[in-house]
Amino acid sequence: MKTIALALAAVAGLAATGAQAQGYPTRPITMIVPFAAGGPTDVIARIVTDHMSRTLGQQIVIENVAGAGGTTGITRAAQSQADGYTIMMGHMGTHGAAPALYPNLKYDPTKDFAPIGLAAGTPIVIVAKKDFPANDLKGFLEYLKTNSDKVNMAHAGVGSVSHSTGIFFNSVIKVKPTMVAYRGTGPALNDLMANTVDFMTDQIVNVAPQIQGNNIKAFAIATPERSPVLPNVPTTKEAGLEGYEVSAWNAVFAPKATPPDVVKKLSDALMKSLDDENTKKRLLDLGGVIPSNAERTPEALQKLVESEVARWTPVLKAAGATAE
Ligand code: MLT
């Protein structure tokens, strides 16, 4: 009797899912952005969801849920109703570095999500306040090495992109600046521009406009090639720093049990947004990297998350980084 009941329940569930997915979405969708408004994750989320909303015919409403390097917001999103009406913007920090830094993390990036797709690649730039007493990477590194006890580095919380790429940077050049946590690198950038915090390693989409506006200093970009939007910023290699090449990425996820038809609708809408000329231009103008078609699938994102967790865990453990 029990078997028949379970079978009937499963069929009913599938039927409901099918019906639910058929009409999906019938009301606005919430996208949780796990950092403060105005930072790189928030900016990318607002750019790609603008066109996604048009494709889906329902508004995607951004909800900023900051804290604990993005893990607070992602935990909430992971535990939300898996009906397609709560999705999230995660990234290399929340879905790559976090497991190495939070022993009691309440989610497994490789198991607890339905990947939707990659939104944008984000090269990392080493930036400093305008008053920083150095005018190139060589001078910056020299100053850091002799004054690291007097220098403070901004980041968006343990496990964030700015924190994990900052820890990696500090371990490569063997310095230990004071780490100053913010609820996002949007607020951190405000303090950098106010000359109240010294430097950070941040995603290009956040800092490019302020570098172009000469409001902060950029010493190098941590990619093999220069960025077309920052042609005068040398790569770390060109500037004489070996062993520090790192890029981040931002991607859309849904809770694990989200129905496959709903996942496909969200994935299709994201892919369409990345084919939209205006969306692409807005991301490219900020130095973002548009994923190729092969990189945009849910399967590709799953593989990326698995490889990033595997990559960042030893790097951060070697750097002696912990959340507590
Ligand atoms: C980070 O990981 O540093 C975040 O992306 C910063 C932010 O989006 O505010």
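Nothing fancy with the numbering, it's 1 onward along the sequence. For ligands, and for the atoms within them, numbers begin at 1 and follow the listed sequence.
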Self-check item: Qualifying residues under salt bridge (charged side-chain N to carboxylate O under 4.0 Å, His left out), relative to Glu306, sequence neighbours excluded
Solution: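 Once residues adjacent in sequence are excluded, Glu306 has no partner under the salt bridge (charged side-chain N to carboxylate O under 4.0 Å, His left out) criterion.
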Is the His95 ring parallel, tilted or perpendicular to the Phe253 ring (thresholds 30°, 60°)?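 Geometry flag for Phe253 against His95: parallel rings.
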Classify the angle between the aromatic ring planes of Phe169 and Phe140 as parallel (below 30°), tilted (30 to 60°) or perpendicular (above 60°).
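Phe169 and Phe140: parallel rings.
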Going by side chain to side chain donor-acceptor pair (under 3.5 Å), Asp275 matches just one of Arg296, His51, Lys280. Which one?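 For Asp275, the side chain to side chain donor-acceptor pair (under 3.5 Å) test succeeds with only one of Arg296, His51, Lys280, which is Arg296.
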Charged N-O contact under 4.0 Å between Asp268 and Lys264:
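Here Asp268 pairs with Lys264 in a salt bridge, since their nearest N and O are under 4.0 Å apart.
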Original post:
Using a 4.0 angstrom limit on heavy atoms, which residues are close to ligand 1?
Top reply: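 For ligand 1, the contacting residues are Phe35, Gly39, Pro40, Thr41, His91, Ala156, Ser160, Val161, Ser162, Gly184, Thr185, Gln203.
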TODO: Hey, could you give me the OG1/CZ distance between Thr49 and Arg54, rounded to the nearest 0.5 Å?
DONE: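 Nearest 0.5 Å value for the OG1-CZ distance: 10.0 Å.
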